[in-house]
Protein chains: 2
Amino acid sequence: MKIDPSSPADLSVQIAAAIRDAIVSGQLIVDQRLPSEAELCAQFDVGRTTVREALKRLAAQSLIRTQRGATGGAFVNRLSFEEAYSQQITTSTLLLSMNAVSFETACEARYALERACAPLSAIRRSADHLATMRAEIHRQGQPGLTDEAFCASDVAFHRALVDGAGNPVMSYQLAGAVEAMQPLMNMITFTARSRERIIALHSRIADALEAQTAPETEAALSELEGYTLTLGRDVMARRAQARAAP
Amino acid sequence: MKIDPSSPADLSVQIAAAIRDAIVSGQLIVDQRLPSEAELCAQFDVGRTTVREALKRLAAQSLIRTQRGATGGAFVNRLSFEEAYSQQITTSTLLLSMNAVSFETACEARYALERACAPLSAIRRSADHLATMRAEIHRQGQPGLTDEAFCASDVAFHRALVDGAGNPVMSYQLAGAVEAMQPLMNMITFTARSRERIIALHSRIADALEAQTAPETEAALSELEGYTLTLGRDVMARRAQARAAP
DNA sequence: TATCTTCATATGTCTGACAATTAGGATTTG
DNA sequence: CAAATCCTAATTGTCAGACATATGAAGATA
């Protein structure tokens, strides 16, 4: 692990990159302790501030964790699925909010990915997953439910569908789609949507999964996509109209 | 934006979280300049070290960028698709290498997601995408190609398929699947695979996309999945045998 | 043996200093 | 006057040293 003090890049960036490479390439393995800050200072011939900033960069990416005290230090962190989920959700949320992604594009991606779970979920969904879905459907039907709560329940429903596929890698990959895009869509469509219709489609999905019929699940998801898309376009059109004649 | 000095959490973590929240919630918008380090020190009533570590954490997540000089400072960064791609690839790679994900699980997720692109790609793939795929197929057939180069070409081929869907959100979501899992699979199967067979399947996929027939594309992908799975199992079995009788 | 104390070690934070970079204004020069 | 140059102020990057805080381990004590 070496750095170039004459490089224009910040030293802390270079040090972080060097350590990251060592982790990714397997030179440093999970739970292994990194040298102490003082040792890293000596190794890279830099001040402690610089080493610390490099370590904070890595900590921000969940690559390491630090512990204070006598036997403390920085340790290579086992990246858990949970941490990866939440990172993906933040990244997806920002990506969508900062890049002018059209409603159509986000909607298309979200449902295409979710349909990919349908065949697996139809085979593997457990009673637990079905129970979660039914419970969320029931909650969605309760009068007086706020829009926020309905949206959260909506996310939980789709989450159960995705998790039903019993593939943690897919659940991770879809975290962004479900937990970042769904709220975004809800935010756009909540004024216009019919809860009844959504609940009916959710029920159809749950029924299809219970019957383990993948094509029907996919069909219901496609219909939900179509409905969401129509809603989105309606809202957009209304907004454009409002802007044109205020 | 407030922090709690009596909290057990590190101050720099709290400050980073406060600023992150402000960005995600839209209080700070893209390209907006954050207060200078000195101002942030005063605002949070902490030392400059602490503020700087917080800013480095955010920089590591591409949430801000910093610039030196008179009109410099920290600015809210527009998270580009490219940055998001590379973050996803690193995360996916680590997630797979650190969490004992079975070959079957990774393979299943990867092809399920890629099949989700097939219908869109069959409709939208441009001549460019087809040309890329054909070029990669040609390269894959050249004798003397190293395993690394074959793997890279393999990734490029699948990447073109995914990009052919013309949906940047899907391309982003699939970056991890293609660029992290594909190399992993190649690493496992390269000793046993038949390049001819893979090339034949790639050609079948390219033909199907050229003819814009989604089902045939999906079928070819499924066959590729099946072949990859068989290979993986063979290799695993051979390894187990080698361990049992060395 | 069980509990308490002390200590060494490590990270977390603060202060002050200086270096490096950069934009913009002031000054000099043709 | 215009252009080039220099100067200056603002800002981040790095460093050194100090102290605060947390924590495990060894030693002292009941």
Side-chain angles (χ1 to χ4, degrees), chain A residues 1-20 22-23 28 31-77, chain B residues 1-20 22-23 28 31-77:
Chain A
M1 292 200 295
K2 283 282 177 296
I3 60 171
D4 172 18
S6 69
S7 156
D10 292 351
L11 293 176
S12 70
V13 172
Q14 293 185 56
I15 293 173
I19 298 177
R20 177 165 37 241
I23 294 175
L28 292 169
D31 291 334
Q32 186 173 341
R33 184 180 180 280
L34 270 64
S36 73
E37 294 177 357
E39 288 169 312
L40 289 171
C41 293
Q43 186 172 330
F44 291 109
D45 195 29
V46 297
R48 199 177 149 215
T49 315
T50 309
V51 163
R52 280 184 60 79
E53 287 185 1
L55 293 178
K56 295 312 138 198
R57 293 184 126 98
L58 298 173
Q61 298 181 300
S62 303
L63 284 173
I64 61 170
R65 61 177 186 280
T66 55
Q67 207 178 345
R68 293 171 74 166
T71 58
F75 298 83
V76 178
N77 191 38
Chain B
M1 292 199 294
K2 283 284 178 294
I3 61 171
D4 171 19
S6 68
S7 155
D10 293 350
L11 293 176
S12 69
V13 171
Q14 292 184 57
I15 293 173
I19 299 177
R20 177 164 36 241
I23 294 176
L28 292 169
D31 291 333
Q32 185 172 343
R33 184 180 180 281
L34 271 63
S36 73
E37 294 177 356
E39 288 169 311
L40 288 171
C41 293
Q43 186 171 330
F44 290 110
D45 195 29
V46 298
R48 197 176 152 218
T49 317
T50 309
V51 164
R52 280 185 60 80
E53 286 185 2
L55 293 178
K56 296 311 139 198
R57 294 183 126 99
L58 297 173
Q61 299 181 302
S62 303
L63 285 173
I64 62 171
R65 60 177 188 279
T66 55
Q67 206 179 345
R68 292 170 75 164
T71 58
F75 298 82
V76 178
N77 191 38

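Chain letters run A, B, ... following the sequence lines, proteins first, then strands; residues in each count from 1.
The distance between atom CD of B:E53 and atom P of C:dT13, rounded to the nearest whole Å, is 7 Å. Taking atom CD1 of B:I15 as the reference point, atom P of C:dT13 lies 8 Å away to the nearest angstrom. Atom CZ of B:R65 is separated from atom P of D:dT12 by 13 Å (rounded to the nearest Å). With rounding to whole Å, A:L11 atom CG is found 8 Å from D:dG13 atom C1'. Distance, B:F75 CZ to C:dA23 C1': 12 Å, rounded to whole Å. Regarding B:L58, its CG atom lies at a distance of 16 Å from the C1' atom of D:dT12, rounded to whole Å.
Not one side-chain nitrogen or oxygen of B:K56 sits closer than 4.0 Å to the OP1 or OP2 atom of D:dT12. Between A:T50 and the phosphate of D:dC15, there is a side-chain N or O to OP1/OP2 separation shorter than 4.0 Å. In terms of phosphate contacts, B:S12 brings no side-chain nitrogen or oxygen within less than 4.0 Å of OP1 or OP2 of C:dG12. In this model, the phosphate group of D:dG13 is approached by a side-chain N or O of B:R52 to a distance below 4.0 Å at OP1 or OP2. B:T66 has a side-chain polar atom (N or O) that falls below the 4.0 Å cut-off from OP1 or OP2 of D:dG13.
With sequence neighbours excluded, the residues satisfying side chain to side chain donor-acceptor pair (under 3.5 Å) with A:R57 are A:S12.
Residue contacts shown for B:L55 are absent, as no nucleic acid heavy atom lies under 4.0 Å away.
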Could you go through the salt bridge (Lys or Arg N to Asp or Glu O under 4.0 Å) check for A:D45 and A:K2 one step at a time?
CA-CA 10 Å; A:D45 195 29; A:K2 283 282 177 296; over 6 Å; no
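A donor-acceptor contact shorter than 3.5 Å links the side chain of B:Q14 to the backbone of B:D4. Looking only at distances, no side-chain donor or acceptor of A:N77 sits under 3.5 Å from a matching main-chain atom of A:R65. The backbone N or O of A:G72 lies less than 3.5 Å from a partner atom in the side chain of A:R33, making a donor-acceptor pair.
Taking every heavy atom of both residues into account, B:I23 and B:L63 meet most closely at CD1-O, 4.1 Å. Between B:I15 and B:F44, the closest heavy-atom pair is CG2-CE1, 3.7 Å. The shortest heavy-atom contact between A:L55 and A:I64 is O-CD1, 3.4 Å. What you find for B:L58 and B:R20 is that their closest heavy atoms are CD2-NH1, 3.7 Å.
Heavy-atom distances under 4.0 Å link DNA chain C to no residue of residues 32-45 of chain B.
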Nucleotides 16-22 of chain D: which of its N/O atoms have a protein N/O under 3.5 Å away?
{"residue": "D:dA18", "atom": "N6", "partner": "A:R48", "partner atom": "NH1", "Å": "3.4"}
{"residue": "D:dT21", "atom": "O4'", "partner": "A:R68", "partner atom": "NH2", "Å": "3.3"}
{"residue": "D:dT21", "atom": "O2", "partner": "A:R68", "partner atom": "NH2", "Å": "3.0"}

